[in-house]
Amino acid sequence: MKTFLYKAKGALALALSMSLFSSTIFAAEPLSAEQQGVQSVPLQELTAEEVAALALPQLTVEEALKKAKKHSSSLKDLADTLEYMQDADEKIYDWVGAVSIPSYEYKRWTNDAWYTLVSNVFALDNGIKQTKLGEQVANLGIEAAVKGYFIQIVLMEDGLELAKQKAELEKIAYQQGQTKYRLGLLSTYELDKLQIAAQQAQDTVTNTEAALEQQYISFNSLIGENADKRFDFVYDVEFTPFTMDQTLDQYVNDKTKNDISIQIQELKLEQAKFTSNYRAESDSGTTADNDKLNYDKAKRDLKTAKENLEKEIRNAYLDIQQFETKYASAQADLRNAQANYRAVQVNLQAGRVTKTTVQQAKMGVTAAENALKQLVYQHDMQVFQFKNPSMLTMAQ
């Protein structure tokens with residue numbers, strides 16, 4: 001099966017890329033074949049050392065993930081909690097030796113001192129298991145967050161670049177309109193329309209820059225870097241249609257038994273069951289009734305968690321299939337944009353169109369490329385979440 005690889009240093013959000021082509025710009029004068037393309041600007045010759053000094057440091061998802069995990073206070077809290085509970089468990093062992101947990105399938109009563117000891121041991125063991133699973137969920141959550149920021153930032157970076165190109169064309173169109181207006185070739189109404197379009201295009205640039213700056217700040221906070229630090233984001237994503245080695249029903253059945261989120265819920269149920277059935281002799285009836293209520297609620301919570309997980313897995317699978325269908329359509333859109341660009345270039349050689357028209361067609365290709373790129377990113381993220389269903393329920 002053919003795959004598609006993107007090595008991205010920024011890309012365009014689909015909604016933004018489409019909005020950039022809401023109006024058409026026409027140059028006042030036709031251009032000759034010699035005028036095709038944008039005039040190049042001579043660059044100052046730089047040494048290799050100077051170029052290296054100007055370049056932003058590259059950052060991959062893997063490197064960012066390491067930074068984020070190292071900086072995460074949540075992971076540190078979980079690690080400290082786990083260490084505390086393991087130390088407490090060892091102290092109990094040093095004090096009284098191994099404590100076996102009696103059956104709690106039915107109601108049983110014991111003296112208060114032994115009840116307290118056994119309950120503490122059970123709660124510690126259960127808590128240690130939950131905390132270890134919590135660490136897995138936290139690590140997955142950080143990975144999802146890093147990938148999400150990479151997607152947002154690289155999409156917005158290219159979105160900003162295309163917005164700037166759009167703003168420049170609108171500015172040129174307005175300047176040309178002013179000339180036509182002075183010559184009596186354009187009405188005030190038409191000139192106002194050109195001015196508004198130019199201002200709106202510039203506003204899009206300003207708003208995109210502000211939004212991108214907010215993304216940078218939030219991302220840098222996640223990975224523990226200064227707010228003003230900037231990177232050259234390297235995001236390699238290969239598009240490959242998703243396949244499974246089992247049926248969807250088999251996958252759902254497996255995950256509703258073994259997913260991390262379900263394991264945590266089952267541990268909560270076991271804690272509630274133990275608390276409800278293992279009783280101290282001094283327990284009051286009110287306490288027992290409340291513990292029974294919590295046990296019943298925990299059973300319902302587990303059932304609901306499994307039902308929600310199944311629903312989210314099935315929906316995620318449908319989303320993956322939809323992205324793959326949209327990807328094929330986006331490929332066709334790109335081919336059409338490329339064909340249009342080639343046709344416009346031929347027409348430019350024949351003097352039938354202007355350089356502005358060529359630039360618009362070129363931007364159309366870029367927008368189609370970015371729309372395709374966005375689908376690749378969305379597909380990749382959806383597959384990641386599908387393979388880690390805990391992320392699907394966390395996203396609710």
| field | Inter-residue atom distance Q214.CD - M156.CE, 0.5 Å rounding | value | 8.0 Å

| said: Tell me whether the count of non-hydrogen atoms from other residues, nucleotides or ligands lying under 6.0 Å of NZ in K66 goes above 12. | reply: no

| remark: Output for pair (S74 OG, I142 CD1), nearest 0.5 Å, gives 7.0 Å

| request: Look only at the side chain of S119 and the backbone of T116, and say whether a donor-acceptor pair between them is shorter than 3.5 Å. | output: no

| task | Identify whether the distance between the nearest side-chain nitrogen and carboxylate oxygen of K91 and D87 falls below 4.0 Å. | result | no

| message | Whether the side chain of N277 engages the backbone of Y104 through a donor-acceptor N/O pair (distance < 3.5 Å, no angle test) should be reported. | response | yes

| query | Are any of the side-chain nitrogens in E63 or K67 under 4.0 Å away from the carboxylate oxygens of its partner? | reply | no

| message | Taking the side chain as everything from C-beta on, heavy atoms only, tell me whether N220 gets closer than 4.5 Å to R230. | response | yes

| task | May I ask you to say whether K166 pairs ionically with E170, meaning some side-chain N is under 4.0 Å from a carboxylate O? | result | yes

| message | Quick check on the 6.0 Å ring-centre criterion: do Y251 and F386 meet it? | response | yes

| Would you find more than 12 non-hydrogen atoms of other residues, nucleotides or ligands less than 6.0 Å from K129 atom NZ? | no

| task | Starting at CD of E135, measure out to NZ of K69 and round the result to the nearest 0.5 Å. | result | 11.0 Å

| said: Run the side chain to side chain donor-acceptor pair (under 3.5 Å) test on Q250 and D254 for me, step by step, so that the C-alpha distance in whole Å, both residues' side-chain angles and the decisive distance to 0.1 Å come before the verdict. | reply: CA-CA 6 Å; Q250 290 171 333; D254 177 61; over 6 Å; no

| task | Indicate the ring-plane relationship of F150 and F219, choosing parallel, tilted or perpendicular according to the 30° and 60° boundaries. | result | perpendicular

| request: Dump the intermediate steps for side chain to side chain donor-acceptor pair (under 3.5 Å) on Q130 and N126, then the final yes or no. | output: CA-CA 6 Å; Q130 286 196 49; N126 190 285; 2.7 Å; yes

| Do NZ/NE/NH1/NH2 and the carboxylate oxygens of R300 and E307 come within less than 4.0 Å? | no

| task | Without swapping roles, check the side chain of E324 against the backbone of P241 for a donor-acceptor pair under 3.5 Å. | result | no

| task | Compute the centroid of each ring, for H379 and then for Y327, and state whether the two points are separated by less than 6.0 Å. | result | no

| field | D296 bridged to K299 by N-O distance under 4.0 Å | value | yes

| query | Does T131 reach the main-chain N or O of G127 with its side chain, forming a donor-acceptor pair under 3.5 Å? | reply | yes

| Side-chain heavy-atom pair D301, L269 within 4.5 angstrom cut-off | no

| CG-CG distance between D77 and L82, expressed to the nearest 0.5 angstrom | 12.5 Å

| query | What's the verdict on side chain to side chain donor-acceptor pair (under 3.5 Å) for S261 and D259, showing C-alpha distance, side-chain angles and the deciding distance? | reply | CA-CA 6 Å; S261 62; D259 184 64; 2.5 Å; yes

| said: Please check if the number of heavy atoms outside Y181 that lie under 6.0 Å from its OH is greater than 12. | reply: no

| query | Mind checking whether F242 and F323 have ring centres under 6.0 Å apart? | reply | no

| request: Could you tell me the separation between the CG atom of D89 and the CG atom of D125, rounded to the nearest 0.5 Å? | output: 5.0 Å

| task | Taking only Lys NZ, Arg NE, NH1 and NH2, and the carboxylate oxygens of Asp or Glu, determine whether E168 and K164 approach each other closer than 4.0 Å. | result | no

| said: Can you confirm whether I101 sits close enough to F274 that some side-chain heavy atom of one is under 4.5 Å from a side-chain heavy atom of the other? | reply: yes

| field | Any donor-acceptor N/O pair, S218 side chain to Q215 backbone, under 3.5 Å | value | no

| request: For the pair Q360 and Y341, evaluate side chain to side chain donor-acceptor pair (under 3.5 Å) and give the outcome as yes or no after the intermediate values. | output: CA-CA 9 Å; Q360 282 184 302; Y341 179 48; over 6 Å; no

| remark: Separation between CG (N258) and CG (N253), nearest 0.5 Å, reads 9.0 Å

| said: Show, in sequence, the C-alpha distance, side-chain angles and deciding distance for D283 and R279, and conclude whether the salt bridge (charged side-chain N to carboxylate O under 4.0 Å, His left out) test is met. | reply: CA-CA 7 Å; D283 274 352; R279 315 300 303 173; 2.9 Å; yes

| Stepwise side chain to side chain contact (heavy atoms under 4.5 Å, CB included) check, M391 with F384 | CA-CA 9 Å; M391 297 299 96; F384 168 77; 4.2 Å; yes

| Close side-chain approach of D333 and S329, heavy atoms under 4.5 Å | yes

| Is there a donor-acceptor pair closer than 3.5 Å between any side-chain N or O of N111 and the backbone N or O of E281? | no

